[in-house]
Number of protein chains: 2
Amino acid sequence: MRQESPTKTKLLETALELIWESSYGSVSVDDICTKAGVNKGSFYYAFKSKSDLAVAAMEHHGAQKRAIFDQVFSAQRPPLERLERYCRQVIEDQTEKFHKYGKVLGCPFCSLGYELSTQDENIRRKVEQTLGAVTRYLESMVRDLVSEGTVEAKDPKELARELYSYLMGAIMQAKIENNLSLLDHLLSGAVRLLNVKQAESAA
Amino acid sequence: MRQESPTKTKLLETALELIWESSYGSVSVDDICTKAGVNKGSFYYAFKSKSDLAVAAMEHHGAQKRAIFDQVFSAQRPPLERLERYCRQVIEDQTEKFHKYGKVLGCPFCSLGYELSTQDENIRRKVEQTLGAVTRYLESMVRDLVSEGTVEAKDPKELARELYSYLMGAIMQAKIENNLSLLDHLLSGAVRLLNVKQAESAA
DNA sequence: CTTGCACTATACTGACCAGTCAACTACGGT
DNA sequence: ACCGTAGTTGACTGGTCAGTATAGTGCAAG
């Protein structure tokens, strides 16, 4: 992976920020350029279309998240603690955005996915791929829970997917009700869904 | 509630259909008018803005769904059967749309919610209200499960919300992966989340 | 016949959209 | 000093957007 030019990076980050805050359809290329302090010509020098930029912005943001998730889901820690840290991470993220924008923003990948899955196949695929990557973290966590004996599951892959459905749905609800406190029960709901055997939770 | 003029009804139904299939931002008032066979002047006679129409279309669609859900969630049936019927209803809906449009469309309220919650407060509120109505069905179902002894829950309201998070998240995943078969495990996942005691399922 | 009203028809406005283009600058290699 | 290339600039295009203006229609009541 060669390094990006600063212009390109600025565009990627500005685009994700603006789209995350409102939506793909309501953010214009001009908006992104103005906010990024880049001329439109440079934009189309760097990206061949708005849709292209969205895909690249997801890739860029995904790469940053991957680094964080590698720590959050480190196999060094017991699996239940990984889940707890993941939930905390989600809440921190959403809280930070809430203070910055005064609104619950939800997940940017889900936003793009729900808005454009039926219209833009490239974007749909990128969202699918990104969410799939997260599922893989959850999957290995679930598998470790099973081998520990904390959780029973015939199909850990399927259980991880169900867990992720629940988490994404909860974040969506928080966005729609514009209410951060809906995330307070995120972990306890996940624990219930997993049907963990001994009731215990870290500090 | 006085009855709507046929023009208005046609606009409401066409609008929901088009928005559901793509998105609010990508459907223009002209698109809606053309498809509905209505002139633009009539549109703005009937609704004061595009956003207004979206809210009215949700209300219209919600009212139709309410009639169906009153049957699906009829207190005459045992609560677990209600859940099963609800899941089946969701799958049927999605399957029908899939065959009609060749794509998994997901939930129209969630689409509008995820796309516009941060931008249009009227739309956000309408989505919130509509989803709240569905939660109430689930809530009374959960309460009946608890009184039956099939499920244990300190806070049935919270459990119903968690269940709905899971269901909405699963539908979102199906849309993003454009894969109906992700809904096959909808019921079994719900049952696991609820942590029902005796394993049984109706025919 | 006529007045008033609910509704329809269509042309229009001005803003904004994604994307293009040709001219320009900065700079490393020779 | 010269060139080639990578990147920048901002004006421009043609089309589309939400919303408006205004004239017209059909019809029912007086």
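Quick note on labels: first sequence line is chain A, next is B, and so on, each numbered from 1. Quantities reported herein were computed from a predicted structural model and do not represent experimental measurements. Values below: all heavy atoms of this structure, side chains included; hydrogens, waters and symmetry mates excluded.
- Straight-line distance from the CG atom of A:L11 to the P atom of D:dG7: 13 Å, rounded to whole Å.
- Ring-plane geometry between B:F69 and B:F73 is classed as perpendicular, the angle between the planes exceeding 60 degrees on a 0 to 90 degree scale with a lower cut at 30.
- Of the candidates C:dT8, C:dG19, C:dC17, C:dG19 carries the atom nearest the A:K40 side chain, counting heavy atoms from C-beta on.
- Residue-to-nucleotide contacts include no donor-acceptor pair under 3.5 Å from the side chain of A:K50 to the base of C:dG19.
- Regarding A:Y44, its OH atom lies at a distance of 13 Å from the P atom of C:dC21, rounded to whole Å.
- Using a cutoff of 4.0 Å between basic side-chain nitrogens and carboxylate oxygens, A:R192 and B:E158 are not scored as salt-bridged.
- A salt bridge does not link A:E139 with A:R136: none of the charged nitrogens is closer than 4.0 Å to a carboxylate oxygen.
- Residue B:T7 places none of its side-chain N or O atoms closer than 4.0 Å to OP1 or OP2 of C:dC7.
- The interatomic distance linking B:D30 (CG) with C:dA11 (P) rounds to 13 Å, in whole Å.
- Between A:Y45 atom OH and C:dC24 atom P there is a gap of 18 Å when expressed in whole angstrom units.
- The main-chain N or O of B:V146 is never found under 3.5 Å from a side-chain atom of B:E152 such that the two would form a donor-acceptor pair.
- Here the P atom of nucleotide D:dA11 and the CZ atom of A:F43 are 19 Å apart, to the nearest Å.
- Distance B:I32 CD1 to D:dG19 C1': 13 Å, rounded to the nearest Å.
- Side-chain atoms of B:S28 lie closest to D:dA18 of the nucleotides D:dA18, C:dA18, C:dT8.
- Straight-line distance from the CG atom of A:D120 to the P atom of C:dA18: 14 Å, rounded to whole Å.
- Atom CG in B:N39 sits about 15 Å away from atom P in C:dC12, given to the nearest Å.
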